Amino acid sequence: ITLFKFISYMSDFPFPPLLQGVQYLVENGLLEWRAESVAEFLYKEEGLNKTAIGNFLGEREEMHLKILKAFVGLHEFSDLNLVQALRQFLWSFRLPGEAQKIDRMMEAFAARYCGCNPGVFQSTDTCYILSFAIIMLNTSLHNPNVKDKPTLQRFVSMNRGINNGEDLPTELLTKLYTSIRSEPFKIPEDDGNDLTLTFFNPDREGWLLKIGGRVKTWKRRWFILTDSCLYYFEYTTDKDPIGIIPLENLCVRALQDSSKPFCLELYNPKGQKIKACKTENKGRVVQGKHQSYKLSAASAEERDDWIDAIR
Ligand SMILES: *[C@@H]1O[C@H](CO)[C@@H](O)[C@H](O)[C@H]1NC(C)=O
Ligand SMILES: *[C@@H]1O[C@H](CO)[C@@H](O)[C@H](O)[C@H]1NC(C)=O
């Protein structure tokens, strides 16, 4: 998951980063390319960019349509009124700007709402039309640029006949209107990929020398240990790390090395290559090539402190 966030954050690919991240997870066997698994990942994983989720779910390809359906299916709308359900739905991603995408998402929403609440509307279309009317009402009531604020009477009359030619109960429309008037829809921020917070309160940080995976030279790197991952940077002030080593399944030990003192080594006890990644020049994210990571500290004491912290 952390690798995923890193990739979505760092990649400079022409594709939407989220798509890259999902592809990476799928190619590396960390996520199944099944609508249900991808939808659950997008729905449950915290800290993903909600604008990117909205764009991803709005794509027209068949697989994306299935993922959208599964994603909407993870929402539980039973016994919620339409505004309550919309509040939940619109909080789980950011509506994309494109009309066709919005349309697909609102259709999926309406189908799910009616599935959870049979009998409230005559048809899914009614639910779909009313949902749009509510989103517009939200803007009219709360956007300061809209001077002409619709009254309840106008809202009720605007929605006349939308229930397969019949009127919806005034009681229902009143409840929805009042709810929106007292509180607009909240829209999630798209700051999901910002790693800054991740580095805010590290378990340990400091300079270490690190030997390259391919080119065997020692380079000074600023290391941050947090969230069970080791990040390294070129400078202490860099916002973006050069690389990330998730520590899950790894061991650490002190090591004697002929070229540098106070060495420690990160290795996989099963002898496998370490799953990690780094950015090459131009910001391209590549998988690390390390069988093990060899690091050198400034003193025996620092080495032991790093080993303790990593353990
Ligand atoms: C609802 O209104 C608020 C306040 O104007 C706005 O920030 C938000 O984007 C609107 N929500 C939708 C779904 O249009
Ligand atoms: C979130 O994703 C959108 C769309 O891909 C992108 O424009 C935006 O910059 C991203 N936000 C952050 C904080 O990365």
Side-chain angles (χ1 to χ4, degrees), residues 16 18 42-44 46-59 68 71-72 74-117 120-163 166-194 197:
L18 185 79
L42 297 177
Y43 182 68
K44 292 201 178 143
E46 276 173 37
L48 300 184
N49 178 331
K50 293 197 172 179
T51 305
I53 295 181
N55 290 332
F56 185 91
L57 293 173
E59 292 292 337
L68 171 63
F71 181 85
V72 178
L74 290 168
H75 290 79
E76 189 43 72
F77 297 139
S78 303
D79 300 323
L80 297 186
N81 72 36
L82 193 57
V83 168
Q84 291 168 326
L86 275 168
R87 285 193 199 285
Q88 199 197 108
F89 186 59
L90 296 173
W91 184 248
S92 59
F93 63 94
R94 247 180 113 115
L95 268 183
E98 224 180 292
Q100 287 185 351
K101 289 188 174 181
I102 297 180
D103 209 51
R104 279 195 284 281
M105 302 175 109
M106 295 313 294
E107 264 178 22
F109 167 80
R112 174 69 181 159
Y113 184 84
C114 292
C116 290
N117 298 281
V120 174
F121 302 112
Q122 296 264 351
S123 73
T124 326
D125 273 354
T126 310
C127 178
Y128 169 84
I129 297 168
L130 186 59
S131 302
F132 267 111
I134 290 171
I135 290 176
M136 286 193 298
L137 177 71
N138 168 74
T139 303
S140 314
L141 287 180
H142 295 288
N143 188 324
N145 294 326
V146 181
K147 295 280 175 281
D148 185 21
K149 306 286 180 204
T151 59
L152 171 62
Q153 281 73 22
R154 197 150 104 226
F155 180 68
V156 171
S157 68
M158 263 165 35
N159 289 300
R160 223 156 250 153
I162 64 168
N163 204 14
E166 288 169 29
D167 289 351
L168 288 165
T170 309
E171 229 179 78
L172 172 67
L173 292 175
T174 306
K175 201 188 252 168
L176 302 179
Y177 178 93
T178 320
S179 173
I180 287 294
R181 194 181 51 194
S182 63
E183 195 188 343
F185 287 124
K186 267 198 303 184
I187 297 296
E189 297 293 331
D190 72 348
D191 57 359
N193 287 324
D194 197 345
L197 268 180

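Note that this is a predicted model, so its numbers are computed, not measured. This chain uses plain numbering: 1 for the first residue, then up along the sequence.
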Shortest non-hydrogen contact from [X] toward [Y]:
X: Lys186; Y: Trp91; answer: O-CE3, 3.7 Å
X: Ala133; Y: Asn159; answer: CB-OD1, 3.5 Å
X: Ala108; Y: Val72; answer: O-CG1, 3.5 Å
X: Thr124; Y: Cys114; answer: CA-SG, 3.8 Å

Could you tabulate the donor-acceptor pairs under 3.5 Å formed by side-chain atoms of residues 78-86, not counting sequence neighbours?
residue, atom, partner, partner atom, Å
Ser78, OG, Glu76, OE2, 2.5
Asn81, OD1, Val83, N, 3.0
Asn81, OD1, Gln84, N, 2.8
Gln84, OE1, Asn81, N, 2.8

Hey, could you give me the [atom1]/[atom2] distance between [X] and [Y], rounded to the nearest 0.5 Å?
X: Gln153; Y: Thr170; atom1: CD; atom2: OG1; result: 10.0 Å
X: Asn49; Y: Leu42; atom1: CG; atom2: CG; result: 11.5 Å
X: Leu57; Y: Lys50; atom1: CG; atom2: NZ; result: 12.0 Å
X: Phe155; Y: Tyr177; atom1: CZ; atom2: OH; result: 9.0 Å
X: Phe121; Y: Leu168; atom1: CZ; atom2: CG; result: 6.0 Å
X: Cys127; Y: Met106; atom1: SG; atom2: CE; result: 8.0 Å

Please list, chain by chain and in numerical order, all residues satisfying side-chain contact (heavy atoms from CB on, under 4.5 Å) with [X], sequence neighbours excluded.
X: Asn138; answer: His142, Ile180, Pro184, Phe185
X: Asp167; answer: Arg160
X: Thr139; answer: Asn143

Check salt bridge (charged side-chain N to carboxylate O under 4.0 Å, His left out) between [X] and all other residues, then give those that pass, not counting sequence neighbours.
X: Arg154; answer: Asp148
X: Lys147; answer: none
X: Arg104; answer: none

Keeping to residues at least two apart or across chains, list the salt bridge (Lys or Arg N to Asp or Glu O under 4.0 Å) pairs with something in residues 168-183.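 Sorted result for residues 168-183: empty, none.
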A side-chain contact here means heavy atoms from C-beta on lying under 4.5 Å apart; do Ile102 and Phe132 qualify?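 Heavy-atom side-chain distance check passes, below 4.5 Å.
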Is any side-chain heavy atom of Val156 closer than 4.5 Å to one of Thr151?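 Thr151 vs Val156: side chains apart.
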Keeping Arg94 on the side-chain end and Ala52 on the backbone end, is there a donor-acceptor pair under 3.5 Å?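 Between the backbone of Ala52 and the side chain of Arg94 there is no qualifying donor-acceptor contact (under 3.5 Å).
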Applying side chain to side chain donor-acceptor pair (under 3.5 Å), can you list everything that pairs with [X], at least two apart in sequence or on another chain?
X: Asn163; value: Thr126
X: Tyr128; value: Asp103
X: Ser140; value: none

Using the test ring-ring contact (aromatic ring centres under 6.0 Å, His included), find all partners of Phe89 that sit at least two apart in sequence or belong to another chain.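 In terms of ring-ring contact (aromatic ring centres under 6.0 Å, His included), with neighbours along the sequence ignored, Phe89 is linked to His75, Phe93, Phe109.
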